[in-house]
Amino acid sequence: MDMKEVERKWQARWTKEKLNEFDEKSTKPKKYVLEMFSYPSGAKLHIGHWFNYGPADSYARFKRMQGYNVFQPMGFDAFGLPAENYAIKTGVHPKDSTEKNIATMEEQLRAMGAMFDWSKEIKTCEENYYKWTQWMFLQLYKKGLAYRKEAPVNWCPSCATVLANEQVVDGRCERCDSVVVRKNLTQWFFKITEYAEELLSGLETLDWPEKTKLMQKNWIGKSTGCEIEFDCETGDKIRVFTTRCDTVFGVTYVVLAPEHPLARKLTTAGQREAVEKYILEASKATEIDRLSTTREKTGVFTGSYCINPVNGKRVPVYLADYVLASYGTGAVMAVPAHDERDYVFATKYGLPIEKVIENRDGETVLPFCEDGIVVGAINFDGLCGEEARDEIANHIAKLGKGGKKVNYRLRDWLVSRQRYWGAPIPIVYCPHCGTVPVPEKDLPVKLPYDVEFRPDGKSPLAKHEGFMHTTCPVCGGEATRDPDTLDTFVCSSWYYLRYADPENDRAPFSREAVDKLLPVDTYVGGAEHACMHLLYARFFTKALRDMGYLDFDEPFKRLVHQGVILGPDGNRMSKSHGNIVSPDEYVEEYGSDAFRLYLMFGFSYTEGGPWSDDGIKAIARFMDRVEKITLKVRDYPETNEPFGAEEKALDYARNYAIQHVTKDLEAFSFNTAVARMMELVNSVYKYDALPQKNTALLKATVRDFLLLLAPCAPHFCEELWEQTGGKGFIFEESYPVENPAALILDETEYAVQLNSKIVCKAMIPSGASNEEIEALALALPEVREKLGGKTLKKCIVVPKRLVNLIVG
RNA sequence: GCCGCUGUGGCGAAAUCGGCAGACGCGCGGGACUUAGAAUCCCGUGGGAGACCAUGCAGGUUCGAUCCCUGUCAGCGGCACCA
């Protein structure tokens, strides 16, 4: 079969008959199958795209044949850093390179032959999309979910520019190798923490991989503890969060993050120099390094003291970078006797270590970090663990120095980017009116084309007079725009909603369109998005629901992650590894169906693995075998005789395949689905070799087989369907359903075990009771021989699998 | 470092709820067809001469463990400005 020609032919027909478009008028149940949209950074589709979209499209087609009205849109996540970096390097404008890349990728995606509804395509960098991204920002702002505060950025002093984490290599700028420091800027945040509890509890309702839910749970990081206030001699108050308030009597010092607002204020003249030096050093370390439990602990004394509210003890205040400003209150109470890190730190700096918890069962070796009995705390001595924490927290609350508190590791979402290639933040700063949101009627705030990308200390937009200079929407006076753009994760947090209504120019989407299609039934994409994109999208959905734009709680009911296809050397494919494998040559040589089928068969979908093309020939051979037998059987005259054991076996194979392929496709277990289809082809060949054939059964089996294979090799099966006299499109046929009667066997092979060791196999009639099975097993010659004089103690029967005789 | 995942023949992999480890393929070996090769078709194929031994390694629970538990090693994904 000339696959190039066949692909062209069927793609043209599908497009002409709008086969791939969602049918607005259909009464069938809808099924929204969505793959994560592509980022057009490289010019071409890579194996990862294919591995995501090919098999997922087979799932969508399978659902279509099962009678669903399937919606499978595609688009581009087109804003982002790489296009801007490319512009800095080559001078090619991000808009131009992005549009060019998108054009290439669209063409390749069409050539894949997936059932994408291109009539609903979206590109996040287009005005009619980012207008609504800006609208989202304004709604969140109105709802009090967007606010400004200071936050650190990576700053390269030499390039005078903000760097992404990716651009910082070993603490240095990837462009000029200067040491990167952290610098505070006032930036926009979304209050995702307001939804922490619901983002956590909502996980229970989702059909998502358990590991993904667990990762989100840990990312949100709920912990129940106590907030405690330590009064400083300066009159300032240090608030700390602890999950171990039962150890508060053992506090021997307090630690602030170097970025803590009180850090400098509490520093005494004598310590000034050391503290400044330390703060600068700390600004160079990455957060990952700072959280490392094996890294040498460092810190510096501020010169100040504060008072432990429970016992009035005066303890020193230190700065140390193992405390993060972004977690909890940015300050901790240190209890070296009962915390590993505090113990190490106290030992290093000669700070006292006071034991206030004792091990209930045995010697107390410090640091003792488990629950134990409180000692040396007069009113609380003898209390233990949760009970102690409860009493002590209540006591602290009575003192007016804090109390029980739930804390989350989740932080608010920083959305400001000091970059060009993104959606401008729709905010104006007016000397008289302050921070003013751009009125919705004035959206979009257009991204100007003529900008200077060269990094020179200012965001590209900040240097653009025409963009920056504006009038205040409130007072009409002179004002300036926010020079920053939005994080691209903002664009991708609501795109699945826009697909429902992409042309709408009065709203991001109509309620009617969204009600019809959303939520997404099955979302397919990489596991690397487990904590960020997938959490942000959930947050957007919940916020939009609370603003009355939606009436569902979760955007993605079911989630599936495809694995990562690595380079042949086992490393992630990258230019630097020089191990990139392009799908193009394979598609060219074998055709898109064979390539898709190979991806489905050769790898576990959720695991991925190193690339290897061993076996792609086997897929080509399999398809040849299918074509050959299909055409051969087509030309047989029809006979209904005979129907004996051979026919029963073929019918069993046919129905077994239907049953398992259906189950496996539903589970995204594509490799086993293809294996079951190969088994059926083998059975058909075997049957066809018989001298006497029931060709009616054979023809029906081949027909079912083509239907089974169609979602996985769509062009190929359409062609064979047509060549065997099928009418219309194969994708308008129903997926086969197994006949349970054909799957009932008279007897099943059991493994017979004696004391859990296999002795022999035995055929046991279906429907035999456990007693009958036991008797049959005991009567077997192999069993009698090995049994000797031993008596039966117990008999374990696992239906349709084994019988285990325990003797002694 | 922290969070999560993975580890099974020469290779890709499979194994429902703890129940016959290795389905389906690749590769390899043998055979058929052919002047010959390619292609195709058929048979065999975890290791071991064997009792037996095998699911990264060391233990544990169980009648029975690839699966559950403890420890450990290796690889992969993420760690909040790559997307």
Test for a donor-acceptor pair under 3.5 Å between the base of [N] and the side chain of [X], counting only N and O atoms.
X	N	answer
A:Q418	B:rC81	yes
A:R621	B:rA39	no
A:N804	B:rC63	yes
A:K793	B:rC63	no
A:Q216	B:rC3	no

Margin query: Minimum heavy-atom separation for A:K213 and A:L206, please, with both atom names.
Written below: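 Scanning both residues, the minimum pair turns out to be NZ-O, 2.7 Å.
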Find the partner of [N]: check Watson-Crick (N1-N3 plus N6-O4 or O6-N4) and G-U wobble (N1-O2, O6-N3) distances, both under 3.5 Å, and reply none if neither fits.
N	answer
B:rC17	none
B:rG4	B:rC76
B:rU70	B:rA58
B:rU40	B:rA32

Notebook entry, point to check: Do we see a donor-acceptor contact under 3.5 Å between the side chains of A:Y322 and A:D342?
Noted result: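 Yes.
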Note to self: Under a 3.5 Å cutoff, is there a donor and acceptor pairing between the side chains of A:N804 and A:S756?
What the structure shows: yes
Check: Any side-chain heavy-atom pair from A:L185 and A:K183 closer than 4.5 angstrom?
Finding: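 Yes, their side chains come closer than 4.5 Å.
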Note to self: Here's a test of your reading of the structure: between A:Y598 and A:N165, which maps to the more 5' nucleotide of RNA chain B?
What the structure shows: A:Y598
Checklist line | Anti or syn - B:rC17, cut at 90° from 0 | finding: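 Syn, angle within 90° of zero.
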